[in-house]
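Remarks on the structure that follows.
Just so we're clear, the structure is a prediction, and the values are computed from it rather than from any experiment.
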Amino acid sequence: MTSTADAPQSVELVEHAPATRLALPDAVGRALAASGIVDATPDPYTPGHWSLRAGSKVGAVAVTAPGGGEPVTVRVTPKVPIVRLFFLLGYSLDPGRGWRDGEVEVAEHRDLLPALAHAVERQVDRALRQGLLQGYRATEESALVVRGRVREAEQIRRRFGAMPPIEVAYDEFTTDIAENRILRAAVERLLRLPGVPRDVRRRLLHQRARLTDVTAIVRGQPIPDWRPTRLNSRYHRALRLSRVVLDGASAEHSPGDLRIDGFLFDMNKLFEDFVTTALRETFQDRGRESVRCRQGDADTAARPTGELSGSGSAWPKTAPRSEVFGPTESGHARSGWLRR
């Protein structure tokens with residue numbers, strides 16, 4: 001059996017690359033196998049050795065085995081260049097603008113997590129450059145003075161015959177709104193992840209200090225909803241990127257004494273979103289009513305099938321990820337990105 005002290009401190013894998021055989025504590029290997037982060041199987045001939053193979057999930061996770069010790073960091077690198085990945089991501093989030101090289105310098109980062117942390121920090125900084133956004137937040141509380149309207153039913157139920165305090169409800173104009181809470185949650189999430197460069201971490205700490213008066217989202221609480229409006233337009237890109245960090249990306253759980261903490265990104269889902277968005281944008285002016293993307297089975301998971309419904313004819317072919325090209329020098333997608 002491999003001890004924690006003999007385990008490697010970092011494991012480097014590549015998306016859909018051949019399996020890598022290495023020594024791992026059995027607790028860490030079992031945790032990786034159960035989590036679905038990578039395909040992990042014990043070596044049948046050598047105790048304490050595991051075979052690890054990355055699938056479509058890329059990113060970094062830190063696994064701490066029971067009994068303490070240094071965590072084992074598993075990094076999965078995407079096959080596509082980081083700049084192309086962010087083009088796909090930006091187009092899926094905002095097809096009107098996509099992702100432009102001048103807005104975020106991602107090419108200097110070779111790994112996904114440092115590039116994402118850098119991108120989020122830059123977008124948050126741009127969003128907060130004019131100060132924190134303010135808005136109205138519905139508040140219900142017990143107060144010593146009347147503010148807003150009195151909640152008569154609640155007052156009778158909880159404090160019949162007693163005055164004060166008074167149960168009131170009012171709309172408060174404050175910076176403690178959903179948009180700012182989402183930004184703070186994303187910044188704090190990135191600060192807990194392994195592999196964030198020191199300079200990026202320092203800038204993230206500065207952004208968290210700017211959001212210190214905003215209520216933090218406690219782990220387990222739902223992420224508040226927000227709606228894009230003219231008033232919060234400077235927040236749009238930062239909020240969309242923050243939701244990427246908070247929504248589908250994180251693996252964070254602690255079964256017993258074993259802790260797994262990290263950030264994961266499903267490349268199959270990213271490609272599916274990109275194709276769906278591109279088809280919708282292409283046919284929205286041609287009389288088609290809807291476009292959806294159906295993902296295939298496990299052995300063709302990277303080949304979503306576009307389908308059209310409505311007055312148009314069907315879109316019969318598939319597009320492998322290898323035929324999706326990145327942006328040209330002008331910042332637009334190259335023609336012929338989807339094979340008919």
Side-chain angles (χ1 to χ4, degrees), residues 10-20 32 35-40 52-63 73-93 98-101 103-123 186 189-190 193-197 200 240-251 260-278 293 295-296 298-304 318-327 333-334 337-338:
S10 179
V11 177
E12 304 290 337
L13 302 174
V14 179
E15 176 197 3
H16 289 300
T20 300
L32 291 174
S35 65
I37 297 171
V38 296
D39 295 331
L52 303 182
R53 181 181 181 274
S56 63
K57 295 179 180 178
V58 299
V61 292
V63 183
T73 301
V74 180
R75 292 187 179 90
V76 182
T77 305
K79 292 189 298 184
V80 299
I82 292 297
V83 64
R84 186 171 299 176
L85 185 152
F86 273 84
F87 166 73
L88 298 175
L89 176 62
Y91 188 87
S92 301
L93 296 176
W99 196 275
R100 298 174 183 171
D101 295 338
E103 295 182 351
V104 178
E105 308 82 6
V106 299
E108 64 186 47
H109 299 285
R110 299 179 57 186
D111 295 330
L112 172 62
L113 184 57
L116 181 66
H118 174 86
V120 171
E121 190 279 326
R122 289 291 83 199
Q123 293 299 326
R189 184 75 186 97
L190 288 170
L193 296 181
V196 177
V200 178
R240 292 189 177 107
L241 206 53
S242 296
R243 290 305 297 255
V244 171
V245 175
L246 297 172
D247 278 349
S250 39
I260 300 177
D261 192 3
F263 178 90
L264 295 173
F265 202 87
D266 194 333
M267 292 297 295
N268 288 348
K269 180 64 165 59
L270 172 62
F271 180 65
E272 179 182 341
D273 292 342
F274 171 78
V275 173
T276 303
T277 303
C293 192
Q295 192 168 7
D299 58 345
T300 60
R303 298 171 176 264
T318 60
R321 270 172 35 187
S322 60
E323 296 190 14
V324 177
F325 299 97
R334 297 177 183 173
W337 59 266
L338 188 61

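- Closest heavy-atom contact between Tyr91 and Thr277: O-CG2, 3.7 Å.
- In terms of the side chain to side chain contact (heavy atoms under 4.5 Å, CB included) criterion, residue partners of Ala19 (sequence neighbours excluded) are, by chain and number, Ser51, Arg53.
- Leu85 places a side-chain heavy atom less than 4.5 Å from the side chain of Met267.
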Residues Leu116, Leu241; criterion side-chain contact (heavy atoms from CB on, under 4.5 Å); working and verdict: CA-CA 9 Å; Leu116 181 66; Leu241 206 53; 4.2 Å; yes
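- The shortest non-hydrogen separation linking Thr276 to Glu272 is OG1-O, 2.8 Å.
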Step-by-step side-chain contact (heavy atoms from CB on, under 4.5 Å) determination, Val76 to Lys57: CA-CA 7 Å; Val76 182; Lys57 295 179 180 178; over 6 Å; no
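- Counting all heavy atoms, side chain and backbone alike, Ile82 lies closest to Ala115 at CG2-CB, 3.6 Å.
- Closest heavy-atom contact between Val245 and Ala186: CG1-O, 4.2 Å.
- Nearest approach of Ala40 to Leu52, heavy atoms of both residues: CB-CD2, 3.4 Å.
- Side-chain contact check for Thr20 versus Val11: every heavy-atom pair is 4.5 Å or farther apart.
- In this structure, the side chains of Pro114 and Val200 stay at 4.5 Å or more apart for every pair of heavy atoms.
- With a 4.5 Å cut-off on side-chain heavy atoms, Val38 and Val61 do not count as touching.
- The closest side-chain heavy-atom distance from Leu190 to Glu121 is not below 4.5 Å.
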